[in-house]
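Throughout, numbering of the chain's residues begins at 1 and tracks the sequence.
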Amino acid sequence: MGLQALFFYLFAFVAVASAFMVIAARNPVHSVLFLILTFFNAAGLFLLTGAEFLAMILLVVYIGAVAVLFLFVVMMLDVDFAEMKAGALEYAPIGALIGIILVVELIVVLAGNSFHPAAAGTGASLIPPVTERTNTAALGDVLYTDFIFYFQIAGLVLLVAMIGAIVLTLRHRENIKRQDISRQVARTPETAVKVVKVKPGQGI
């Protein structure tokens with residue numbers, strides 16, 4: 001076994017184990033920390049395959065921004081996860097059905113070589129050899145030329161998901177001052193200024 005294969009099995013084992021702990025840990029903060037560990041090992045796997053740009057993007061974007069944001073949100077909001085998980089059994093059949101569908105899809109993908117023997121070499125044909133063009137430049141050519149529309153659609157889907165998450169988590173609390181633009185626009189000098197006549201020798 002070579003050194004590269006040894007590191008591959010090491011990164012893969014730690015990534016799978018930490019990904020399992022993300023959903024198995026009872027403390028949500030521990031789940032986010034295991035998620036960060038999963039991203040680190042996935043970046044190591046990207047480095048072993050020669051995709052150094054994807055590895056750096058994974059470290060900078062997902063670990064440096066997304067995972068840390070999750071961690072701060074979980075720690076600051078103090079969400080009652082016991083209350084959220086109280087009705088989880090009601091959605092267990094739907095979750096089990098989706099899980100079975102995903103397992104079937106994974107089996108079909110892994111066994112795809114037996115159904116289509118020529119499909120194994122089609123994925124590498126999009127990227128030229130490293131000696132002709134760098135990994136980052138080849139990735140940019142593929143994203144912004146051949147799959148530009150799919151790339152834009154993915155951005156729109158993420159935008160809709162972000163807006164939906166904001167709408168679902170937005171809660172109006174009482175006794176908290178908020179900006180009312182229509183009220184500000186309709187203000188007049190009579191309602192904005194209060195004139196108080198103070199008698200000599202007295203305070204306000």
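Met162 contributes atom CE, which lies 9.0 Å from atom CG of Leu158 (distance to the nearest 0.5 angstrom). A distance of 10.5 Å separates CG in Leu33 from OG1 in Thr38, rounded to the nearest 0.5 Å. Taking CG from Leu3 and CG from Leu10, the interatomic distance works out to 10.5 Å, rounded to the nearest 0.5 Å. For the atom pair CZ (Phe8) and OG1 (Thr49), the distance works out to 9.5 Å, reported to the nearest 0.5 Å. In this structure, CD1 on Ile57 lies 8.0 Å from CG on Leu54, to the nearest 0.5 angstrom.
Under the 4.5 Å side-chain contact rule for hydrophobic residues, Tyr62 and Leu143 share a cluster. A single hydrophobic cluster is seen to contain both Phe20 and Phe40, as judged by linkage of ILVMFWY side chains at heavy-atom distances under 4.5 Å, directly or through other members. Residues Leu59 and Val61 fall within the same hydrophobic cluster, defined by Ile, Leu, Val, Met, Phe, Trp and Tyr side chains chained together at heavy-atom separations under 4.5 Å. Hydrophobic clustering, with ILVMFWY side chains joined whenever heavy atoms are under 4.5 angstrom apart, keeps Val157 apart from Phe147. In the hydrophobic clustering of ILVMFWY residues, with side-chain heavy atoms under 4.5 Å counting as a link, Leu47 and Val60 come out apart.
Across every non-hydrogen atom of Val22 and Leu35, the tightest pair is CG2-N, 3.5 Å. Between Ala42 and Leu58, the shortest heavy-atom distance links the atoms CB-CD2, 3.6 Å. Taking each heavy atom of Ser31 and Met21 in turn, the nearest pair found is OG-O, 4.4 Å. What you find for Ala55 and Phe46 is that their closest heavy atoms are CB-CB, 3.8 Å. Residues Ala15 and Asn41 approach most closely at CB-CB, 3.7 Å, considering heavy atoms. For the pair Gln4 and Leu48, the tightest heavy-atom approach, listed with the atom from each and the gap, is NE2-O, 3.1 Å.
Qualifying ring-ring contact (aromatic ring centres under 6.0 Å, His included) partners for Tyr144, counting only residues two or more places apart in sequence or in other chains: Phe151.
Few gaps surround CZ on Phe39; more than 12 heavy atoms of other groups in view lie less than 6.0 Å from it. Summarising the local packing, CD1 of Ile181 is surrounded by 12 or fewer heavy atoms from other residues, nucleotides or ligands at distances under 6.0 Å. With a 6.0 Å radius and a threshold of 12 heavy atoms from other residues, nucleotides or ligands, Phe11 has its CZ atom above the threshold.
Of the candidates Ile107, Ile101, Leu106, Ile100, Ile107 is the only one forming a side-chain contact (heavy atoms from CB on, under 4.5 Å) with Val103.
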